**Q** 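Structure provided below as structure tokens; questions to follow.
Given the structure is predicted, the values throughout are model-derived calculations rather than measurements.
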Amino acid sequence: MPRTPVRLRAAFASLTAAVLLAAGTATAAHAQQPPLRDLADQQGFRMGAAVASHLLDDADYRRTAAAEFNSVTHENDLKWESVQPQPGQYSWSGADRLVEFAEQNGQQIHGHTLVWHSQLPSWVENGSFTPAELTQVMEDHIDTTMGRYRGQIQTWDVVNEPIGDDAQFRNSVFHRVLGEDFIAQSLHMARAADPDATLFINDYNIDGINAKSDAYYELAQDLLAQGAPLDGIGLQGHLISGQLPQDIQQNIQRFADLGLEVMITELDIRMTMPVTQQKLEQQARDYTQVMDACLAVSGCSGVTVWGVTDAHSWVPDHFTGEGAALPIDENYQPKPAYWSVHEALGGDGQGPDDPGPGEPGTGTCEVAYEFTSQWEQGAVVEVTVHNGSASAVQDWSLTWARPSGEQITSAWNSLIEQSGNTVTAAPVEWNRAIPAGGQVSFGFQTTHTGGPSVPGGFSLGSESCTVR
């Protein structure tokens with residue numbers, strides 16, 4: 001019998017999120033609104049993110065991951081090459097760190113992944129195994145990995161991406177040596193390793209009804225018919241904005257009708273760069289479509305986005321000219337997609353009231369001016385403007401006196417004007433507002449004589465800023 005989805009410790013999770021927001025998370029700009037995890041908790045819904053353990057050293061990343069999500073998935077730290085790079089030699093530091101982080105913040109954990117053709121160490125991928133030898137290798141790996149986290153990791157992608165885009169089984173070492181039975185074998189091994197865990201198979205391009213998802217539907221039927229302990233199906237959701245399948249809900253429903261738990265496990269919705277307001281609005285509609293499709297089916301237990309922020313998304317490195325795929329941008333600010341998810345979960349779907357263009361409100365403005373690189377006659381500068389007021393600043397402008405001998409030659413994420421010694425930075429289309437308690441960042445390159453120097457003061461509109 002499929003297992004009932006594990007529900008969250010809502011009271012503790014909400015308290016943790018509130019404390020982190022009060023401490024100044026990246027989305028604290030919208031502290032008047034509940035974070036996503038609080039809304040998800042109220043519905044018994046899993047709102048997750050893929051998290052990289054090494055990025056937890058970044059305070060904004062760590063706070064945002066804790067404040068906004070009630071579930072985490074190991075982005076890479078639980079993959080075979082990471083935990084068992086050599087036969088019998090296990091490395092747990094990254095995986096352990098994320099488990100500890102999740103437990104500290106009252107979050108569920110989704111284990112990703114145990115048996116996958118990719119990111120395998122060469123000793124597995126290129127090994128010359130007999131069926132008995134490979135079966136033992138798989139059993140040792142599954143038993144050791146799941147056994148270490150028994151009672152801590154509630155759900156697992158036991159087998160990941162066993163079927164290719166041609167709707168045929170992939171030519172992996174597992175399929176070559178063991179045939180299709182390797183999937184059922186893996187599930188039985190996982191059940192023995194942790195009888196209380198919920199066991200999934202997981203893949204991409206099976207979000208709507210198509211040849212590949214049909215192959216998974218038949219696979220799920222076969223596994224269930226033979227008594228394999230399959231509890232769920234993960235639909236990854238690596239999608240293109242404006243090109244979503246229209247039958248996502250129907251596809252979720254047919255798997256749920258088999259008695260399976262369904263999760264959207266790796267959602268991101270990428271766009272062709274550069275970002276425009278029109279593209280952001282389309283992306284927001286796309287996120288609404290996915291969220292609504294899952295929430296409409298009782299067997300769909302949650303949605304996990306593949307990354308915390310656009311700053312660390314895998315998309316730009318794998319899809320040339322595409323990016324901005326997540327609900328939180330590279331400056332840790334909520335995008336329209338964030339508010340569409342917020343609304344789908346029962347929130348208001350909007351940030352705090354804006355005071356109107358150019359009104360900085362009360363509070364403090366702080367500017368960080370950092371040389372990210374420099375050479376004999378030039379430098380690259382990153383400027384971060386923090387709005388400490390209780391109101392957002394719309395159509396902001398930051399001015400300062402240009403240091404003697406300096407000339408700005410190019411800029412990004414802002415429009416720069418230079419008049420005499422006065423420099424004015426204005427927003428571009430996607431960062432027109434600095435939320436209350438939030439920040440924006442932009443950069444530029446300079447040439448100089450006599451070495452780079454920090455300006456003596458900045459003004460945000462009519463308000464003087466503190467330099468930090």
**Q** For the CG atom of N76 and the OG1 atom of T113, what is their distance to the nearest 0.5 Å?
**A**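 If we round to the nearest 0.5 Å, N76:CG and T113:OG1 are 11.5 Å apart.
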**Q** Ignoring hydrogens and angles, tell me if any N or O in the side chain of T288 forms a donor-acceptor pair with the backbone of A284 under 3.5 Å.
**A**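 Side chain of T288 to backbone of A284, a donor-acceptor pair under 3.5 Å: yes, one is there.
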**Q** Do K212 and D165 come within less than 4.5 Å of each other through their side chains, counting heavy atoms only?
**A**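 A side-chain contact under 4.5 Å exists here.
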**Q** Going by heavy atoms in the side chains, are E81 and P121 under 4.5 Å from each other?
**A**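 Touching, per the 4.5 Å side-chain cut-off.
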**Q** Which pair of heavy atoms, one from C300 and one from F45, lies closest together, and at what distance?
**A**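 Result for this residue pair: O-CE1, 3.9 Å.
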**Q** Looking at L244, is its backbone amide N or carbonyl O close enough to the side chain of Q246 to form a donor-acceptor pair, meaning the two atoms are under 3.5 Å apart?
**A**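 Looks like yes, one N/O pair under 3.5 Å.
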**Q** Give a yes or no answer on whether the side chain of S71 reaches the backbone of G48 with a donor-acceptor pair at less than 3.5 Å.
**A**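 Side chain of S71 to backbone of G48, a donor-acceptor pair under 3.5 Å: no, none is there.
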**Q** Report yes or no: do T399 and T424 form a side-chain donor-acceptor pair below 3.5 Å?
**A**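 On atom types as modelled, these side chains do not qualify, holding no pair under 3.5 Å.
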**Q** Does the N70 side chain pair with the main chain of M47, one donor and one acceptor, at a distance under 3.5 Å?
**A**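 Confirmed, N70 side chain pairs with M47 backbone.
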**Q** Hey, mind stepping through L56 and R62 against side-chain contact (heavy atoms from CB on, under 4.5 Å) and telling me if it holds?
**A** CA-CA 5 Å; L56 294 173; R62 183 175 64 252; 4.3 Å; yes
**Q** Would you say Y217's side chain and I209's backbone share a donor-acceptor pair under 3.5 angstrom?
**A**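 Not confirmed, Y217 side chain does not pair with I209 backbone.
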**Q** Considering all heavy atoms of both residues, which atom of T64 and which atom of D60 are nearest to each other, and what is their separation?
**A**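 Scanning both residues completely, I find the closest heavy atoms to be OG1-O, 2.7 Å.
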**Q** Just wondering, do F200 and L260 contact through their side chains at under 4.5 Å, heavy atoms?
**A**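 Of all side-chain heavy-atom pairs linking F200 with L260, none is under 4.5 Å.
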**Q** Begin with the C-alpha distance, continue with both residues' side-chain angles, and end with the deciding distance and a verdict on side-chain hydrogen bond (donor to acceptor under 3.5 Å, both in side chains) for Q439 and E366.
**A** CA-CA 9 Å; Q439 62 187 35; E366 293 184 333; over 6 Å; no
**Q** Here's a test for you: under side-chain contact (heavy atoms from CB on, under 4.5 Å), which of D194, I109, T198, D196 qualifies with Q154?
**A**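 Going through D194, I109, T198, D196 one by one, the side-chain contact (heavy atoms from CB on, under 4.5 Å) with Q154 is satisfied by I109 alone.
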**Q** Can you name the closest pair of heavy atoms from A102 and V72 and give their distance?
**A**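 Heavy-atom minimum between the residues: CB-CG2, 3.8 Å.
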**Q** Is it true that a side-chain atom of N331 and a backbone atom of V440 form a donor plus acceptor pair closer than 3.5 Å?
**A**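 Flag not set: sc N331 to bb V440 has no pair under 3.5 Å.
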**Q** With under 30° as parallel and over 60° as perpendicular, where do the rings of W80 and H141 fit, or are they tilted in between?
**A**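 Judged by the thresholds at 30° and 60°, the geometry between W80 and H141 is parallel.
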**Q** How about CD on E417, more than 12 heavy atoms from neighbouring residues, nucleotides or ligands closer than 6.0 Å, or not?
**A**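 Counting neighbours around CD of E417, 12 or fewer heavy atoms of other residues, nucleotides or ligands fall under 6.0 Å, so no.
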**Q** Using distance alone, with no hydrogens and no angle criterion, decide if Q42 and D38 have a side-chain donor and acceptor under 3.5 Å apart.
**A**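 No, because no side-chain N or O of Q42 sits under 3.5 Å from a partner of the opposite role on D38.
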**Q** For the residue pair L280 and K335, what are the closest heavy atoms and their distance?
**A**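 Closest pair (atom of L280, atom of K335, distance): CD2-CE, 3.7 Å.
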**Q** Checking D286 side chain against G242 main chain: does a donor-acceptor pair fall under 3.5 Å?
**A**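 The answer is yes, because a donor-acceptor pair under 3.5 Å joins these two groups.
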**Q** Using side-chain heavy atoms (C-beta onward) and a distance below 4.5 Å, is H312 in contact with E75?
**A**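 When only atoms from C-beta onward are counted, E75 and H312 do not touch, as no gap falls below 4.5 Å.
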**Q** Within the 4.5 Å heavy-atom criterion, are S301 and T155 side-chain neighbours or not?
**A**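 No. Closest side-chain heavy atoms not under 4.5 Å.
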**Q** Hey, can you tell me if F371 and Y369 have their rings parallel, tilted or perpendicular (30° and 60° cut-offs)?
**A**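 Geometry flag for Y369 against F371: perpendicular rings.
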**Q** Q333 vs Y338, test: side-chain contact (heavy atoms from CB on, under 4.5 Å). Steps then yes/no.
**A** CA-CA 9 Å; Q333 300 306 310; Y338 174 95; over 6 Å; no
**Q** Which value, rounded to the nearest 0.5 Å, describes the distance between T304 atom OG1 and D268 atom CG?
**A**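 Rounded to the nearest 0.5 Å, the OG1-CG separation comes out at 12.0 Å.
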**Q** Measuring from R170:CZ to W116:CH2, what's the distance to the nearest 0.5 Å?
**A**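 One gets 9.0 Å once the value is rounded to the nearest 0.5 Å.
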**Q** Determine, stepwise, if the pair I183 / L223 fulfils side-chain contact (heavy atoms from CB on, under 4.5 Å).
**A** CA-CA 8 Å; I183 300 175; L223 290 167; 3.9 Å; yes
**Q** CG of N431 to CD of E330: how many Å apart, nearest 0.5 Å?
**A**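 Here the rounded value is 8.5 Å.
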**Q** Quick one: NE2 on H386 to CG on L460, what's the gap to the nearest 0.5 Å?
**A**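 That separation rounds to 11.5 Å.
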**Q** Heavy-atom distance under 4.5 Å between the side chains of T73 and T265, does that happen here?
**A**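 T73 vs T265: side chains apart.
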**Q** With a 4.5 Å cut-off on side-chain heavy atoms, are W430 and D329 touching?
**A**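 They are not in contact (no side-chain heavy atoms under 4.5 Å apart), so the answer is no.
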**Q** Let me confirm one number: the CG-OG distance from D77 to S91, rounded to the nearest 0.5 Å.
**A**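 Here the rounded value is 9.0 Å.
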**Q** Tell me if a side-chain donor or acceptor on D207 pairs with a main-chain N or O of G237 at a distance below 3.5 Å.
**A**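 It does hold such a pair.
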**Q** When you measure from the side chain of Q283 to the backbone N and O of A324, does any donor-acceptor pair fall under 3.5 Å?
**A**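 Indeed, once roles are kept as given, a pair shorter than 3.5 Å links the two residues.
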**Q** Please tell me whether D96 and S93 have a donor and an acceptor in their side chains that are separated by less than 3.5 angstrom.
**A**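 Looking only at side-chain atoms, S93 and D96 do not form any donor-acceptor pair under 3.5 Å.
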**Q** Of the non-hydrogen atoms in S414 and A411, which two are nearest, and what is the gap between them?
**A**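 Closest approach of S414 to A411: O-CB, 4.1 Å.
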**Q** Between K79 and D157, does at least one N-O distance fall below 4.0 Å, as a salt bridge requires?
**A**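 Answer for the salt bridge query: no.
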**Q** Among F319, Y204, W314, which residue meets the ring pair (Phe, Tyr, Trp, His ring centres under 6.0 Å) test with H238?
**A**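 Answer after filtering F319, Y204, W314: W314.
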**Q** Over 60° means perpendicular and under 30° means parallel, so classify the ring planes of W400 and F444, tilted if in between.
**A**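 The arrangement is parallel - the two ring planes meet at less than 30°.
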**Q** Using the rule given for side-chain contact (heavy atoms from CB on, under 4.5 Å), can you reason through N387 versus W396, listing the C-alpha separation, both sets of side-chain angles and the distance that settles it, and then say yes or no?
**A** CA-CA 10 Å; N387 170 27; W396 54 272; over 6 Å; no
**Q** Taking D247 first and then R254, would you say they form a salt bridge - that is, a charged N and a carboxylate O separated by under 4.0 Å?
**A**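 No, this pair does not count.
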**Q** Answer yes or no: is there a side-chain heavy-atom contact under 4.5 Å between F174 and S186?
**A**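 No; the side chains remain at least 4.5 Å from each other.
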**Q** Quick check against the 3.5 Å criterion: does Q33 have a side-chain atom that pairs as donor or acceptor with the backbone of G347?
**A**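 No; zero donor-acceptor contacts below 3.5 Å.
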**Q** Can a side-chain donor-acceptor contact be found between E266 and N202 if the only test is distance below 3.5 angstrom?
**A**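 Judged by distance alone, the side chains do pair up.
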**Q** Hey, are R270 and S313 close enough side-chain-wise for a donor-acceptor pair under 3.5 Å?
**A**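 Side chains of S313 and R270: no pair found under 3.5 Å.
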